[in-house]
Every structure is written in C-alpha cells, then in structure tokens.
Engineer: 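There's a structure below that I have some questions on.
These values consider heavy atoms only, across backbone and side chains, with no hydrogens, waters or symmetry-generated copies. Naming convention: chains lettered A, B, ... in sequence-line order (proteins, then strands); numbering from 1 in each chain.
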2 protein chains.
Amino acid sequence: MKLQLQIKMNEALFIRNPEQSELGKNIIQHGIQLIYKNGFEAFTFKKLAEDIGTTEAGIYRYFENKHKLLVYLTAWYWSWFEFQINYHTNNIEDPIVKLKRVIKLLATTVEDDELTGYVNESLLHQIVISEGSKAYLTKQVGEDNKLQFFKPYKDLCAVIGTIILECSPKYLYPKSLASTIIEMAHFQNFFMNNLPSLTDFGNSKEEGEIISFLNDLVFSSLKKT
Amino acid sequence: MKLQLQIKMNEALFIRNPEQSELGKNIIQHGIQLIYKNGFEAFTFKKLAEDIGTTEAGIYRYFENKHKLLVYLTAWYWSWFEFQINYHTNNIEDPIVKLKRVIKLLATTVEDDELTGYVNESLLHQIVISEGSKAYLTKQVGEDNKLQFFKPYKDLCAVIGTIILECSPKYLYPKSLASTIIEMAHFQNFFMNNLPSLTDFGNSKEEGEIISFLNDLVFSSLKKT
DNA sequence: TTATTTATAATAGTAATACTATCTTATAAA
DNA sequence: TTTATAAGATAGTATTACTATTATAAATAA
C-alpha cells in the first residue's frame, strides 16, 4: 500500500478543489514548474493552459486569478513544512536541539517528497524563497488575512515561537524571532545566490553557513536570558 | 539661500533624468503618491499620466516601465537614507551608540525631508516597506544587479556591516547581520500592522518595541564574541 | 438502461495593460 | 532667426486578465 499525504486547504483559496481532478492536479504541478521557470510576474494562466494542453477558461474554473494560486501554493508549502517539522522533531525532548533542527530544515534545500504525487516540493521551496513574500506584500493583505489565507504560515510561526519559549521562557520576542528566522532563512539564501554582497556567504554559497549564522543569531539571544 | 539635497542616480535606471524637468519631478512625486495609495500591482503609467495631467507616452519617455520606476524609487530612498545615517551618526565615536542610532533610524517612521522638494520621504518609506522587496525579487535580479541598480542598498549594508565589525571585530557575519537588521526593521513593521500574530507587538503597535527587539537581537550576538 | 449531473473542451468576446510610433506645437538655446 | 528639444495629442498593437456560451464526453443515479 502506498502512503499518501493529504493537506486540507482553505476552501476560500480556490473555486474548485484542484486536488479532486486531473486538470486540477495539472494546474498545481505545471503551475509550480512555470512559476519556477519564468517567475511570478511573467506567469499567466494563458501560458499555463498551453503548457497543460487545456484552455485559459479551464484554469479560471479552479482559481480566481494568479494571486490566489500563489497564495494557495505558499499556504500548501507551509502546511507541508509544518508537517515536516513535526515529523523530524517528533522524539526530540531538548528544545534547543529541536530549534536547531527547525533552523536546519528551514535553511536546507528541500528534496521532492514522494508522498505528495503532483507537488514538486523542491521547486516549490524555490518559489517560496523568490515569490513567497508577494503573497502578503499586497494591498489586500488585510482581507486575505481575514479569510485565513496565511494561517499555515502563522501556525508555523506559533510553533517555532513555542519552541523558543521552551528554550528560554523569559525571552520577550518569541514570535518576532520566529518570523525573523523563517524570513531570514529564505532571504539570506536568495541574497547569497543573487546579491551575494548582502551576505557573508557569497564565496562559498553554502547553506551550511546560513544555518551557522541563524544558530548564532538565535542562541545568542536566548542564552542571554 | 535654500539648501538642496541632490542625489546622483544611476543613469541606466531612467531614459530621461526625471530630476531635470517639471514633468520628471511630477512623475516622481505623483508616482510615490499613487504607488502608496493603490499598491504597486494596481499602479499603471496610464493612471499616473491622468493623475499628473499628461499622457502615457509622456511617462514612457522617462521610464522604460513601472519596474524601473520602483527600482529608481527604492534606490533613491536608500541613497537618501545613507545620507541620513551619516548625518545623524556624524560625531558619534562609540560604534555601539552608532549602531543603536542606525537601528533606531531604520525602524522609526520617516518624516518628510524639506531638503528634497518633490520627494515625500514619509510615503516613500512606506513604499519601501511594502513594495521594496519586489525591486529585487524578480527573474532579472542578476542583470539588474550587473547594472548596479542595487548599489545604494548594498552600500548601506556595507556601512552597517563596518559599524558591526567596529563593535565586535571577531563577529563572523557582519554583512548578513546588516541585511537582517534592514529587512527585519521593515518586515516586523509590516507584520505588526498587517499580520500582527507574526510579531510580539500586535497589541501595542509601537515601533519602539521593534527597536527593542532589534537591539536585543543584535547586541546579544555581538556581546558574545 | 436511460436520464442526468458534472467536468472539460472549444470558441468568442471585452476591458485594461503595456507598450510603440508619429506628428504637431511650444520653448529655449545657438 | 534657425534649430534643437521637450512635451502634448493621437493612434495603434499585442498581451493580459478576465467572462460567457455552447457542445461534448464521462461518470453517476434513477
């Protein structure tokens, strides 16, 4: 028997559930490939339709517009990622070891997860690095937030915040430190590869260095208290 | 005599220098207002032309497209901001006091600078918070970087990195810490106002708390070594 | 088995966006 | 006075971002 990982998505993100049909899964699969390849700005439903071999109108039956698709993909990623964290920190007692593991997971290149058929997590991880912020850096962030579009991201942040407090119960900024770790794991990666002089890893381009930087940053803050 | 602050901009950012004509200055001034008001996605040269009372084609004589205008505005902002830093940390000897001042400047609401006629720095600061990352989170980041579009941002990062090393000469990640401070001063502000559960300042919504968080983060890291 | 729902394909069409081109007029420098 | 130069006026195109309609194929219920 083949295991399958199903993620329950917010219904307001789509018009028709893409998980429940071939075309829907194709939209996700090829959508990830195209956004990865061309970037979100150059990505259109027309190109996606051509890529899949369907029509533009077909895509619109699943997603209202490309912004919703991006939000869907990032929400999916963070849900999947929280599952990864639970899975990989399952039996760890020591919150410090736990937090280090979380940082490592955040800053490490993701490999395709065989449990999720049509989603290429490796490409999706790159999309979340390069395009993820565009999901919330908009004028509609307030409405989108009311509709709970960012719940997976916020849940992850809360989980990491809790671990931080376990490490250091008197630390004053667990949630801000959590969002800082998440964002910086990705931004330092983007900078390292694209604007290297904004980092100290431009020469080596090794993600291990990002992990060291984040560990140093986080545990200096937590040790103090 | 009235003092005037002139910022020398990268020539590759525009087709015609907007500083050198009324229309050009109008493009900058009203561009800032419109992007602030509608967000970068909804912003078009057509709307800008109507707002100014000129034609679309008129705008295109100054900027190749709206992305270039955004890059221009962010580059302008960081150049102006580096000047602010130099001005406000001029006579400070102690690098720790200096770095604290930099953090405060980064995380504090900006007021309109009277020395710069047609640029509203207060609005521009909000644009840099909400839209700034979109200047480099693109597929063309490599080419844009070759053309030195991000030099002001990188220069600022270098300046802050130098102060960090003055505080703590053995610290291993001065540039990454510098870009982290810059990005987080803005992201924590955006989160506080739009996705408050990602921060610890959702209730108070006071930028003073962001400053405290960043100071704690930075000086924990630097004290250690 | 037929009837009916449902998903998708095919096609058409619209308003807005992102430009380019051309021609004329106003202005100011040579 | 000539001649650059900037700006206004107008037109036009390809692409984007959709909506609507109709036909067909496949799955499901009666």
Engineer: Is there a side-chain polar atom (N or O) of B/T54 under 4.0 Å from OP1 or OP2 of D/dG8?
Structural biologist: yes
Engineer: Please figure out whether B/R61 or B/K66 has its closest DNA chain C nucleotide nearer the 5' end.
Structural biologist: B/K66
Engineer: What's the CD-C1' distance between A/E41 and C/dA18, to the nearest Å?
Structural biologist: 14 Å
Engineer: Between A/W76 and A/H125, does the ring centroid distance fall short of 6.0 Å?
Structural biologist: no
Engineer: Take atom CD1 of B/I15 and atom C1' of C/dC19, then tell me their distance rounded to the nearest Å.
Structural biologist: 11 Å
Engineer: Distance check: side-chain N/O of A/S21 vs OP1/OP2 of C/dT8, anything under 4.0 Å?
Structural biologist: yes
Engineer: For A/T44, which contact category applies under a 4.0 Å heavy-atom criterion: base, sugar-phosphate, or nothing?
Structural biologist: sugar-phosphate
Engineer: Would you say the ring centroid of A/F14 lies under 6.0 angstrom from that of A/Y62?
Structural biologist: no
Engineer: Is the cationic atom of B/K66 (NZ for Lys, CZ for Arg) positioned less than 6.0 Å from the six-membered ring centroid of B/F40 and within 45 degrees of its normal?
Structural biologist: yes
Engineer: Tell me the interatomic distance from B/E56, atom CD, to D/dT13, atom C1', rounded to whole angstroms.
Structural biologist: 12 Å
Engineer: In whole angstrom, give the distance that lies between atom CZ of B/F14 and atom P of D/dA6.
Structural biologist: 13 Å
Engineer: Atom NZ of B/K25 and atom C1' of D/dA6: how far apart are they, to the nearest Å?
Structural biologist: 14 Å
Engineer: Would you confirm whether the ring centroid of A/F149 sits within less than 6.0 angstrom of the ring centroid of A/Y136?
Structural biologist: no
Engineer: With no hydrogens and no angle check, is any side-chain donor or acceptor of B/K175 less than 3.5 Å from a backbone partner on B/K154?
Structural biologist: no
Engineer: Please report, rounded to the nearest Å, how far the P atom of C/dA10 is from the NZ atom of A/K46.
Structural biologist: 15 Å
Engineer: Hey, which of these two, A/T55 or B/N65, hits DNA chain C nearer its 5' end, going by closest nucleotide?
Structural biologist: A/T55
Engineer: Examine D/dT16: is either OP1 or OP2 under 4.0 Å from a nitrogen or oxygen in the side chain of A/K47? Give yes or no.
Structural biologist: yes
Engineer: With a non-hydrogen cut-off below 4.0 angstrom, is B/E64 in contact with a base, only sugar-phosphate, or nothing?
Structural biologist: sugar-phosphate
Engineer: Under a 3.5 Å cut-off for both distances, is C/dA30 Watson-Crick or wobble paired, and to whom?
Structural biologist: D/dT1
Engineer: Are OP1 or OP2 of C/dA7 and a side-chain N or O of A/R16 less than 4.0 angstrom apart?
Structural biologist: yes
Engineer: If you check every side-chain atom of B/L23, which of C/dT8, D/dG8, C/dT11 has the closest atom?
Structural biologist: D/dG8
Engineer: Measure CD1/B/I59 against C1'/D/dA6 and give the value in whole Å, please.
Structural biologist: 14 Å
Engineer: Starting at OH of A/Y60 and ending at P of D/dT21, how long is that distance when rounded to a whole Å?
Structural biologist: 18 Å
Engineer: At 4.0 Å (heavy atoms only), tell me whether B/Y62 reaches a base, stays on the sugar-phosphate, or touches nothing.
Structural biologist: sugar-phosphate
